[in-house]
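Following: one structure in structure tokens, then a few remarks.
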Amino acid sequence: MTEQHQALTALLDVQAVDSELHGIMAKAKSQQESEHVKALLGRRTQAIEAAKQLDAQGKEAASAVDTAEAKVRDIQAKIDRDTERLNQGGSAKDLMGIQHEIDTLTKQRGDAEDTQYQAMEHAEAVAADREQKLPLLRAADAQAKEAVTQRDQELAALKERHQELTAQRPGLVSAVGDEALVKRYDSLRNARGGGRIAVARFDRDTCGACGTHMSPGDAQTIANTPAASIPTCIECSAMLVR
Ligand SMILES: [Zn+2]
């Protein structure tokens, strides 16, 4: 095995790490931009808003019931007071006046009771609506939280693997033992957006990077390349390891 063959073989190990790193970055990006998580978070925001509205409606309905109850109590107190005055006796005219007032108040109490009843019915309807919707809203919240947790766990795993590989890379690069070759590799790899296969095995007249099967003439040219230079693929420019 020539020194250059050893260097190129070591470069294949560097590339294996670089390819995995490239894949990790792509996966992390797609996780971060996940439409699924975005959709769930959107639903969660809507659910929180809907829950707030249901709570506000519930409070409003309860307060309307309190107001109606207070009004009925208020009227009842007046009726009680008048009834007591009536029982204490007095001139016929006074008693008639009091009786008239009691009659008026009794009618008012009837109206107030109707209002109270309606308020209670409305509060019950609001509470039933809330009870029906709340589990769905909680589910939307839980689903979004779970999706975010899962995404974060996957991102953490990717980050950990990324750190491992990044730590391995310098050792693999120094095993190549040829700075110029590594530089050439890096520039080939980072060309056209990066992530390209820069070095590949050449087996059975086929480029391991792009899969091109060479004509007998091209294969012969590659085979005849002097040991000191590196043959490259005519299609993808990858450095070929014979
Ligand atoms: Zn090729």
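When a ligand or atom number is given, it counts from 1 through the structure's own listing order. As a basis for the values below, the full set of heavy atoms in this structure was taken, side chains included, without hydrogen atoms, waters or symmetry mates.
Residues satisfying the side chain to side chain contact (heavy atoms under 4.5 Å, CB included) criterion with Gln46, sequence neighbours excluded, are absent altogether.
Using modelled atom types and a 3.5 Å distance limit, the side chains of Gln118 and Asp114 yield no donor-acceptor pair.
In this structure, the side chain of Ser63 does not engage the main chain of Lys59 through any donor-acceptor pair within 3.5 Å. The closest donor-acceptor contact from the side chain of Arg196 to the backbone of Cys236 lies under 3.5 Å. The backbone N or O of Leu41 lies less than 3.5 Å from a partner atom in the side chain of Thr45, making a donor-acceptor pair.
When side chains are defined from C-beta on, Ile222 counts as touching Phe202, because their heavy atoms get closer than 4.5 Å.
For the Zn ion (ligand 1), protein N/O/S neighbours under 2.8 Å (waters excluded) are Cys207 SG, Cys210 SG, Cys233 SG, Cys236 SG.
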